[in-house]
Participant: 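Below you will find the structure I want to go over with you.
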Amino acid sequence: MEVIKSPAEMQKAAGALRSEASPLGLVPTMGALHDGHISLIKRATTECAAVVVSIFVNPSQFGLGEDFELYPSSLDSDLEICENLEIAVVYAPPADAMFEKGYDTWIEVPSLAAGLCGANRPGHFRGVATVVAKLFSICRPERVYFGEKDYQQLVLIRRMVLDLNLGVDVIGCPTVRENDGLAMSSRNANLEKNERERAIFISRGLCRAQDLFVAGERSVNELKKAAHEELEKGDVEIDYIEVIDPETMELLEVAFDSSRMAISAKVGAIRLIDNLPLKG
Ligand code: AMP
């Protein structure tokens with residue numbers, strides 16, 4: 001397995017890989033790999049002739065006062081995981097290789113970035129879209145793998161790929177959870193014991209809404225109220241609870257089959273997100 005840090009070298013390696021092994025897959029990550037990332041990587045290795053995993057904690061998607069400095073990092077064990085999964089190349093550039101002096105080009109997907117996480121994190125999705133587009137042009141994948149855990153990100157990347165004719169297949173992969181239902185996230189490593197116990201009420205809120213949906217409830221107000229009650233038990237600070245159209249991200253008042261409930265909440269200082277399709 002090669003570990004590449006320079007965009008120019010990665011571009012060269014990607015060109016060679018693509019001519020030898022097609023399709024070429026890419027799994028973009030911010031490292032601190034867990035079973036959620038591993039599920040994406042495994043899917044990519046079964047569907048692609050060669051796979052690149054990128055590890056880059058993108059400074060441009062963190063706002064002032066967010067947890068960029070505290071974001072977990074475990075490069076050595078990440079590389080070991082990738083090696084064991086028979087990844088061809090890990091692309092792990094330093095920030096100044098991705099954003100050289102004078103960097104001045106940004107990608108905005110304003111409608112899809114406006115609500116949910118974008119409302120409280122101005123500039124977040126601009127940073128995400130820009131780095132993902134750069135990763136596509138550097139790693140030249142034919143297939144890219146993203147988690148449904150970051151659902152707004154997934155929908156926004158699909159839009160960007162269509163709008164800019166980037167010509168890659170975007171594959172969305174289901175959320176991997178801990179045994180108690182908590183969605184896996186690199187940020188979970190920063191939860192104190194007591195916070196970890198409270199964090200499970202986020203997925204319980206989603207499950208409670210899903211149970212109501214199965215019982216026939218379609219009023220978003222009622223579904224949100226039920227989720228809210230669960231989250232209150234965990235004494236978490238709710239950022240939003242919404243039910244959205246899974247393609248347009250439009251906020252709904254009446255839920256339908258496969259519409260999604262999305263939640264963001266802070267547990268102590270750690271902001272966590274999760275979502276679930278409502279299925280009857
Ligand atoms: P991150 O390193 O958090 O930026 O995540 C990298 C990729 O892994 C993104 O496409 C995420 O949506 C995906 N991912 C993160 N957590 C999970 C999870 N629990 N299940 C599935 N995919 C995930």
Side-chain angles (χ1 to χ4, degrees), residues 25-48 51-63 66-68 70-75 77-79 81-82 85 87 90-93 95 98 112 116-117 121 124-125 127-136 139 141 143-161 168-191 196 199-200 202-203 206 246 249 260 262-264 270-277:
L26 171 67
V27 183
T29 81
M30 299 209 297
L33 300 184
H34 51 65
D35 284 350
H37 299 115
I38 290 172
S39 74
L40 268 58
I41 298 172
K42 284 191 170 156
R43 172 121 181 233
T45 56
T46 61
E47 295 178 356
C48 302
V51 174
V52 176
V53 172
S54 65
I55 298 180
F56 180 60
V57 183
N58 167 21
S60 71
Q61 72 184 61
F62 289 80
E66 290 189 355
D67 57 351
F68 177 63
L70 298 173
Y71 198 83
S73 151
S74 51
L75 187 60
S77 85
D78 291 352
L79 294 179
I81 288 170
C82 291
L85 292 169
I87 293 310
V90 170
Y91 176 53
M98 290 293 276
L112 289 174
L116 303 184
C117 292
R121 304 186 72 190
H124 168 70
F125 286 113
V128 170
T130 302
V131 156
V132 168
K134 280 171 71 67
L135 290 171
F136 289 1
C139 302
R143 299 174 69 101
V144 292
Y145 294 80
F146 286 89
E148 290 179 351
K149 151 88 172 29
D150 299 277
Y151 196 77
Q152 188 173 13
Q153 168 175 282
L154 171 63
V155 173
L156 187 140
I157 298 297
R158 285 194 200 284
R159 181 81 256 165
M160 176 182 80
V161 165
V168 293
D169 279 343
V170 179
I171 292 114
C173 305
T175 302
V176 177
R177 299 176 178 282
E178 302 284 357
N179 287 337
D180 62 7
L182 177 68
M184 289 194 181
S185 162
S186 303
R187 288 191 167 94
N188 293 351
N190 286 345
L191 293 168
R196 171 67 184 79
I200 57 172
I202 298 174
S203 61
L206 292 171
M249 306 292 298
R260 284 184 107 93
I263 294 181
S264 164
I270 318 281
R271 192 174 166 285
L272 298 175
I273 56 173
D274 198 355
N275 69 88
L276 201 67

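As the structure lists them, so they are numbered: ligands from 1, and atoms in each ligand from 1. We use all heavy atoms of the structure for the numbers below, so side chains are in, but hydrogens, waters and symmetry mates are not.
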Participant: Can you name the atoms of ligand 1, numbered from 1 with element, that are less than 4.0 Å from a heavy atom of Phe146?
Facilitator: 10 (O)

Participant: What I'd like to find out is whether the side chain of Leu33 reaches to under 4.5 Å of the side chain of Cys82, using heavy atoms alone.
Facilitator: yes

Participant: Could you tell me which atoms of ligand 1, counted from 1 in the order shown, lie closer than 4.0 angstrom to a heavy atom of Pro174?
Facilitator: 20 (N), 21 (C)

Participant: Just heavy atoms, cut-off under 4.0 Å: does Ser185 contact ligand 1 by side chain, backbone, both, or neither?
Facilitator: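 It is neither; nothing of Ser185 touches ligand 1.
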
Participant: State the atoms of ligand 1, each with its element, that fall below the 4.0 Å cut-off from a heavy-atom position in Thr29.
Facilitator: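 Atoms satisfying the 4.0 Å criterion: 2 (O), 6 (C).
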
Participant: Given Pro72, Gly147, Pro28, identify the one with the heavy atom nearest to atom 6 (C) of ligand 1.
Facilitator: Pro28

Participant: How does Leu40 reach ligand 1, if at all, at less than 4.0 Å between non-hydrogen atoms: by side chain, backbone, both, or neither?
Facilitator: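 Looking at Leu40 and ligand 1, just side chain atoms fall under 4.0 Å.
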
Participant: Return the closest protein heavy atom for atom 14 (N) of ligand 1 as residue, atom name and distance.
Facilitator: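 Result: Asp150 OD2, 4.2 Å.
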
Participant: Would you kindly specify which portion of Tyr71 sits under 4.0 Å from ligand 1, judged on non-hydrogen atoms: side chain, backbone, both or neither?
Facilitator: side chain

Participant: So which bit of Met30 gets within less than 4.0 Å of ligand 1, heavy atoms only: side chain, backbone, both or neither?
Facilitator: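 Both the backbone and the side chain of Met30 come within reach of ligand 1.
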
Participant: Counting heavy atoms only, which part of His34 comes closer than 4.0 Å to ligand 1: side chain, backbone, both or neither?
Facilitator: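 The answer is the side chain.
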
Participant: Could you check atom 23 (C) of ligand 1 against the protein and tell me its nearest heavy-atom contact, residue, atom and distance included?
Facilitator: Lys149 CB, 4.0 Å

Participant: Is it possible for you to check whether Arg260 lies under 6.0 Å from the centre of the six-membered ring of Tyr151, through NZ or CZ, and within 45° of that ring's axis?
Facilitator: yes

Participant: Using the rule side chain to side chain contact (heavy atoms under 4.5 Å, CB included), only one of Thr175, Asn179, Asp180 pairs with Arg177; which is it?
Facilitator: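 Only one option passes, and that is Thr175.
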
Participant: Which atoms of ligand 1 sit under 4.0 Å from any heavy atom of Met184?
Facilitator: 16 (N), 17 (C), 18 (C), 19 (N)

Participant: Checking side chain to side chain contact (heavy atoms under 4.5 Å, CB included) between Met160 and each of Val155, Val128, Val132, which is the one that passes?
Facilitator: Val132

Participant: Do Asn188 side-chain atoms and Arg196 backbone N/O form a donor-acceptor pair below 3.5 Å?
Facilitator: no

